[in-house]
Number of protein chains: 2
Amino acid sequence: MANKVKFERENVIRVASQLFWEKGFTATSTRDLQEAINMRPGSIYAAFGSKEGLYSESLKDYTVQMKSQIDGFLANSDSVVGGLRAFVENVIIKTKDCSPSAICMLVKANSEFAEKDASLYELSLDLSAKFEAYLTTLFAQAIKNNELSSNLTALEYAQFFQVQFTGLRGYFNRPGVEQLAQPMINQMFDLIKKL
Amino acid sequence: MANKVKFERENVIRVASQLFWEKGFTATSTRDLQEAINMRPGSIYAAFGSKEGLYSESLKDYTVQMKSQIDGFLANSDSVVGGLRAFVENVIIKTKDCSPSAICMLVKANSEFAEKDASLYELSLDLSAKFEAYLTTLFAQAIKNNELSSNLTALEYAQFFQVQFTGLRGYFNRPGVEQLAQPMINQMFDLIKKL
DNA sequence: TTTGATTTTGAGCGACTGTTCAAGTTAAAA
DNA sequence: TTTTAACTTGAACAGTCGCTCAAAATCAAA
């Protein structure tokens, strides 16, 4: 054997993720990254292959973090819908100011790569599909628990949730509308229960 | 006097707008633009000052086009809500394949510039606010016409519309979900009428 | 036809891009 | 202690970026 890898891979990816999330893929230069993660080009390219490779890992890690965040709120809630509501409130209200962007990194990726960059476009589609599948299992559980009616399928609830959540995050990506967040989240969950 | 301006300014801006809309500001190079609008650097910089200047004009033109598109649908509809529904269906279903992106250029701008580039960030916020004000006048008319209840203010309807519309456009920015568009638009307008 | 202000051209500037790789450093194995 | 494979470093490469400006082209006015 030989020298161990000095940097902590997970931590590096998390820092890179923050930068990519804030600035987007194209607008983030490798020199920005070098400074943020404190690695020299050679090490970065040995570990991740390319800027695209590092972004790819960052985006994957982002979705993992988001899922585990939701799981956390679900564990501390007595209902699925309550857990999701706590998650939405946390993202839109509580962690708004310490987040690199109000807009979901996955949504930003979908927007930035649409039809262009083959590999990253495919990745963002794939991760989006997997997240929708995950949400669908949650809503299936909510229906099973009689938290929600069976008028809609679990997938339809998941779709409505995504549309509403993405729309709200986009809307609150501007200054001076903070006091509208809670009422609009209330409206969102009122609607979900009445669908 | 002297030589006349050869290019047609409006047309150039419209072509540039398509490119910026598709690729985003950062990922669009001045050489991409040169080719698309068939102008050499000197002419572009004489006419628009900078890449940022051309983008600025493009984004402004985009919102003008969007407004006049809505006005067109309103003129051909017997109700405000009907006109808005025709507009939404046109954007999400009918012109989806001939549009540079499924996502609103203004939303893309809000996402790309958030907290970063001062001037373009301000511009995108300003245009967003003006568009919301425009929408609010439309919903005020709809309430006045008894198309919608007075449970919500015109502004609240406008906010709900934007959240839903933006969310839907983001959701349909992926392949293979086309057949869901009409039902989800129906759901959106059912909800608006029941708010 | 000549004039002259205006517009267009495109070579090219300096800065920055993603990436490479030879040389240096590290620490487990011998 | 020496060896050696793994890892880190940072100068530097070729290409692209936004942009400039001297020279050429253009055309209304004289």
Side-chain angles (χ1 to χ4, degrees), chain A residues 1-59 109 112-113 116-121 123-124, chain B residues 1-13 15-59 108-109 112-113 116-121 123-124:
Chain A
M1 277 303 125
N3 200 1
K4 257 197 348 203
V5 188
K6 270 189 179 163
F7 64 92
E8 295 170 21
R9 194 165 225 270
E10 283 212 349
N11 199 53
V12 162
I13 291 173
R14 209 148 298 156
V15 172
S17 187
Q18 300 273 311
L19 204 60
F20 276 131
W21 184 4
E22 183 189 331
K23 309 185 67 166
F25 175 75
T26 311
T28 303
S29 75
T30 51
R31 277 153 186 92
D32 290 336
L33 290 163
Q34 285 168 40
E35 200 175 351
I37 69 185
N38 193 30
M39 285 174 75
R40 261 36 67 196
S43 296
I44 297 177
Y45 281 79
F48 302 103
S50 64
K51 181 188 174 185
E52 194 171 310
L54 178 52
Y55 182 89
S56 171
E57 299 268 329
S58 299
L59 190 60
E112 182 169 5
F113 303 126
K116 277 190 323 188
D117 186 291
S119 155
L120 292 182
Y121 177 56
L123 177 67
S124 74
Chain B
M1 277 303 124
N3 201 1
K4 252 190 6 198
V5 188
K6 269 189 179 164
F7 64 91
E8 295 170 21
R9 194 166 225 270
E10 283 211 350
N11 200 53
V12 161
I13 291 173
V15 172
S17 186
Q18 299 274 311
L19 203 61
F20 277 131
W21 185 5
E22 183 189 331
K23 309 185 67 166
F25 175 75
T26 310
T28 304
S29 75
T30 51
R31 277 151 186 94
D32 289 337
L33 289 163
Q34 285 167 39
E35 200 174 352
I37 67 185
N38 194 31
M39 284 172 76
R40 260 36 65 198
S43 296
I44 297 177
Y45 281 79
F48 302 104
S50 64
K51 180 188 174 186
E52 196 171 307
L54 177 53
Y55 182 88
S56 171
E57 299 268 330
S58 299
L59 190 60
K108 270 198 161 188
E112 182 169 4
F113 303 126
K116 276 190 324 187
D117 185 291
S119 155
L120 292 182
Y121 176 57
L123 176 67
S124 74

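Quick note on labels: first sequence line is chain A, next is B, and so on, each numbered from 1.
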Trace of the side-chain contact (heavy atoms from CB on, under 4.5 Å) decision for B:Glu57 with B:Arg9: CA-CA 10 Å; B:Glu57 299 268 330; B:Arg9 194 166 225 270; 3.3 Å; yes
Salt bridge (charged side-chain N to carboxylate O under 4.0 Å, His left out) between B:Lys108 and B:Glu112, worked out: CA-CA 6 Å; B:Lys108 270 198 161 188; B:Glu112 182 169 4; over 6 Å; no
Base versus backbone protein contacts along nucleotides 12-17 of chain C [heavy-atom cut-off under 4.0 Å; B, S, -]: B----B
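The interatomic distance linking A:Glu8 (CD) with D:dT8 (C1') rounds to 17 Å, in whole Å. Going from atom CZ of A:Arg40 over to atom P of D:dA12 covers 17 Å, rounded to whole Å. If you measure from atom CD of B:Glu35 to atom C1' of D:dT16, you get 15 Å, rounded to the nearest angstrom. Atom CE in B:Met39 sits roughly 16 Å away from atom P in D:dG18 (whole-Å rounding). Computed from coordinates, the B:Phe48 CZ to C:dT8 P distance equals 10 Å when rounded to whole Å. Whole-Å rounding puts the A:Tyr55 OH to C:dG18 C1' distance at 17 Å. Summarising the geometry, the separation between CD on A:Gln34 and C1' on C:dT20 is reported as 13 Å, rounded to the nearest angstrom. In this structure, the CD atom of A:Glu52 is 12 Å from the P atom of C:dG18, given to the nearest Å.
The side chain of A:Tyr45 contributes no N or O atom lying less than 4.0 Å from OP1 or OP2 of C:dT20.
Residue B:Ala16 comes nearest to B:Leu33 through the heavy atom pair CB-CD2, 4.1 Å, listed as atom of the first residue, atom of the second, then distance. Contact between A:Phe25 and A:Lys51 at its shortest, heavy atoms only, is O-NZ, 3.0 Å. Taking all atoms of both residues into account, the shortest heavy-atom contact from B:Tyr45 to B:Thr30 is OH-CG2, 3.5 Å. For the residue pair B:Ser58 and B:Ser17, the shortest heavy atom distance occurs at O-OG, 3.4 Å. Residues A:Ala109 and A:Tyr55 come closest through the heavy atom pair CB-OH, 3.4 Å.
For B:Asp32, the side chain to side chain contact (heavy atoms under 4.5 Å, CB included) partners are B:Leu19, B:Lys23, B:Thr28, B:Ser29, not counting sequence neighbours.
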Look for any protein N or O under 3.5 Å of an N or O in nucleotides 22-24 of chain D and output each such pair with its distance, or none.
none

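Remark: A:Glu35 CD is loosely packed, at most 12 non-hydrogen atoms of other residues, nucleotides or ligands lying under 6.0 Å away.
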